[in-house]
Amino acid sequence: METSPKNPNLRLSSYDFHLPESLVAQRPADPRDSSRLLVYRISKDEVIHSHFYDLHHHLPEGCPLILNNSKVFPCRLVGKKETGGEAEIFFLSPRPEKQTGWAQALIKCSGKKKIGDRYIVDQTVLELAKVEEGVFWLKGPDEEIDRLIKRSGTTPIPPYIRKGRGDERDEGDYQTLYGKVEGSVAAPTAGLHFTPKVFDNLASRHITPHFLTLHVGLGTFAPIKTENIEEHSMHQERFFIPKATRSLIDKKWGKLYCVGTTCLRVLESLGGKNPLPLGDARGEAGETDLFIHPEKKISSIEGLITNFHLPKSSLFILICALIGRKKALELYETAKASGYRFFSYGDAMLVLR
């Protein structure tokens with residue numbers, strides 16, 4: 001039997017809260033930058049209610065702003081088992097592994113899954129080749145899986161948005177304005193609020209965006225299943241940092257402002273270290289499985305833009321690491337009472353130290 005840690009910061013149940021379904025956003029604000037913005041300044045314990053189009057008023061002039069330019073690929077495919085039942089397949093990468101030609105995926109269907117099971121999607125047969133820790137490796141005809149994804153894949157919106165059934169609007173809504181590098185299975189949602197107007201306003205205060213790429217995968221959205229959160233293992237997620245962005249990070253370490261928890265995980269994974277071992281003339285590449293919780297110190301940033309996250313998720317726990325668990329729960333209650341909209345298509349929060 002699993003024992004519950006004495007330290008409440010390490011207990012998963014300490015990060016639970018109730019959220020009425022009416023506050024779960026089903027569509028983004030229109031226009032995007034009209035979403036609400038809860039500003040919390042830690043040093044003054046001050047809360048300000050604002051809107052995202054006024055973001056530039058709350059950031060210091062000339063501050064270094066880091067954003068994740070990963071783009072969601074159409075990873076959700078609907079087909080059927082060879083035996084006839086419906087199957088949903090969520091590929092975790094837009095292309096198969098070079099060495100084997102197999103592709104990692106999540107599979108949602110009735111019954112147990114076993115090696116050799118076959119799934120039919122758009123007349124293409126995919127065979128289950130390997131299973132490891134709830135992730136499935138599928139193999140198909142040579143060079144067909146990536147073409148199948150491009151041909152038949154749809155936008156993978158989360159299950160709490162219209163039960164995960166996306167439509168044509170989501171193809172645009174569930175992408176950031178600046179997403180360029182395809183590879184994520186979920187949007188870096190803090191960036192969904194940005195519009196040309198927001199960037200123009202930031203430029204008027206000499207705030208220039210600097211980009212890195214982290215492809216959102218299982219590490220970001222996989223649920224925590226252990227009551228002792230220190231026993232939770234994050235899946236590896238790939239990232240790339242251009243030379244110019246890395247130079248800025250090294251120069252402004254501790255004074256950075258970032259958009260989204262994905263950016264913060266990359267920054268904290270660097271930890272002010274020497275250059276990463278992988279990369280080329282364009283920049284540096286790496287992987288991170290960093291799980292940030294209140295027993296770990298955050299040292300890279302002065303400010304974070306983020307959305308309101310699911311209870312007991314690694315994302316909410318990261319926010320608790322930044323501002324404290326009790327204060328985070330208190331702020332979420334404030335947001336609920338004030339009618340803020342939650343999760344991927346919801347409103348935003350700006351945390352300043």
Side-chain angles (χ1 to χ4, degrees), residues 12 15-40 49-52 55 67-68 70 72 75-76 90 106 154-167 169-177 179 184-194 214 216-224 237 258-265 292 304-323 325 328-351:
L12 181 60
Y15 299 94
D16 198 10
F17 59 88
H18 171 69
L19 184 74
E21 285 189 20
S22 60
L23 294 182
V24 178
Q26 297 297 302
R27 298 283 185 186
D30 186 17
R32 293 184 182 210
D33 59 14
S34 64
S35 56
R36 297 177 69 190
L37 179 67
L38 189 153
V39 182
Y40 176 61
H49 298 285
S50 185
H51 287 86
F52 206 84
L55 175 65
L67 304 92
N68 180 7
S70 181
V72 179
C75 66
R76 176 181 177 269
F90 296 84
L106 303 178
T154 59
T155 302
I157 64 170
Y160 48 78
I161 298 176
R162 302 185 304 283
K163 298 183 179 179
R165 300 301 172 103
D167 56 26
R169 282 182 59 183
D170 294 303
E171 291 180 14
D173 287 347
Y174 201 58
Q175 298 281 12
T176 63
L177 177 72
S184 282
V185 300
T189 54
L192 295 179
H193 309 277
F194 282 83
L214 178 134
V216 181
L218 277 180
T220 294
F221 68 84
I224 300 173
E237 292 176 314
C258 70
V259 179
T261 57
T262 58
C263 279
L264 181 54
R265 288 182 62 233
I292 300 174
L304 172 69
I305 299 167
T306 187
N307 278 24
F308 293 95
H309 302 293
L310 287 165
K312 299 198 289 187
S313 65
S314 64
L315 303 178
F316 177 61
I317 292 173
L318 181 152
I319 302 306
C320 294
L322 183 60
I323 62 178
R325 180 177 55 84
L329 288 167
E330 178 187 317
L331 289 177
Y332 270 47
E333 290 301 316
T334 297
K336 286 159 56 177
S338 302
Y340 280 76
R341 305 190 319 147
F342 276 64
F343 307 157
S344 295
Y345 279 157
D347 295 314
M349 179 166 67
L350 169 62
V351 179

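Not one N or O on the side chain of Ser344 forms a donor-acceptor pair closer than 3.5 Å with the backbone of Thr189. Remark: the backbone N or O of Asp173 is not paired with any side-chain donor or acceptor of Arg169 at under 3.5 angstrom. Gln26 places a side-chain N or O within 3.5 Å of a backbone atom of Arg162 that can act as its donor or acceptor partner. Between the side chain of Asp347 and the main chain of Tyr340, no donor-acceptor pair closer than 3.5 Å is present. Side-chain atoms of Lys336 do not come within 3.5 Å of backbone N or O of Pro20 as any donor-acceptor pair. At least one donor-acceptor pair under 3.5 Å links the side chain of Arg36 to the backbone N or O of Ser338.
Taking the side chain as every heavy atom from C-beta outward, Leu38 and His49 approach each other to under 4.5 Å. Within the 4.5 Å cutoff, the side chain of Pro188 has heavy atoms near those of the Thr262 side chain. Using a 4.5 Å cut-off on side-chain heavy atoms (C-beta onward), Ile305 and His193 make no contact. Side-chain contact between Asn68 and Cys263: present, with at least one pair of heavy atoms (C-beta onward) separated by less than 4.5 Å. Under the 4.5 Å side-chain criterion, counting only non-hydrogen atoms from C-beta, Ile317 is in contact with Ile224. Considering only heavy atoms from C-beta on, Leu315 stays 4.5 Å or farther from Thr306 through its side chain. Between Val216 and Glu237, some side-chain heavy-atom pair lies under the 4.5 Å cut-off. Looking at Ile323 and Glu330, their side chains never come closer than 4.5 Å, going by heavy atoms from C-beta outward.
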Before giving the answer on side-chain contact (heavy atoms from CB on, under 4.5 Å), spell out for Leu218 and Leu106 the whole-Å C-alpha distance, their side-chain angles and the decisive distance to 0.1 Å. CA-CA 10 Å; Leu218 277 180; Leu106 303 178; 3.9 Å; yes
Evaluate side-chain contact (heavy atoms from CB on, under 4.5 Å) for Ile319 paired with Leu331, printing each intermediate quantity in order. CA-CA 11 Å; Ile319 302 306; Leu331 289 177; over 6 Å; no
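Glu333 CD to Leu19 CG: the interatomic distance, rounded to the nearest 0.5 Å, is 9.0 Å. Residue Thr155 holds its OG1 atom at 14.0 Å from CZ of Arg165, rounded to the nearest 0.5 Å. Distance check: Ile161 CD1 to Arg27 CZ gives 9.0 Å after rounding to the nearest 0.5 Å. Separating the CG atom in Leu214 from the CG atom in Leu264 is a distance of 11.5 Å, to the nearest 0.5 Å. Atom OG of Ser313 and atom CZ of Phe221 lie 12.5 Å apart (nearest 0.5 Å). Ser314 OG to Leu12 CG: the interatomic distance, rounded to the nearest 0.5 Å, is 10.5 Å.
For the residue pair Tyr174 and Leu192, the shortest heavy atom distance occurs at C-CD2, 4.1 Å. Contact detail for Ser70 and Thr176: the closest heavy-atom pair is O-OG1, 4.5 Å. Considering all non-hydrogen atoms of both residues, Ala348 and Phe308 come closest at O-CE1, 3.6 Å. Between Asn307 and Gly346 the shortest heavy-atom distance is ND2-O, 4.0 Å. Nearest heavy atom pair, residue His309 against residue Thr261, reads NE2-CG2, 4.0 Å. Between Arg265 and Thr220 the shortest heavy-atom distance is NH1-OG1, 3.8 Å.
Tyr160 and Phe342 have their aromatic ring centers separated by at least 6.0 angstrom.
In this structure Tyr15 satisfies the ring-ring contact (aromatic ring centres under 6.0 Å, His included) test with no other residue, sequence neighbours excluded. Residues meeting the side chain to side chain contact (heavy atoms under 4.5 Å, CB included) test with Pro159, sequence neighbours left out: none.
Between Tyr332 and Phe17, the ring-plane angle classifies as perpendicular under the 30° and 60° cut-offs.
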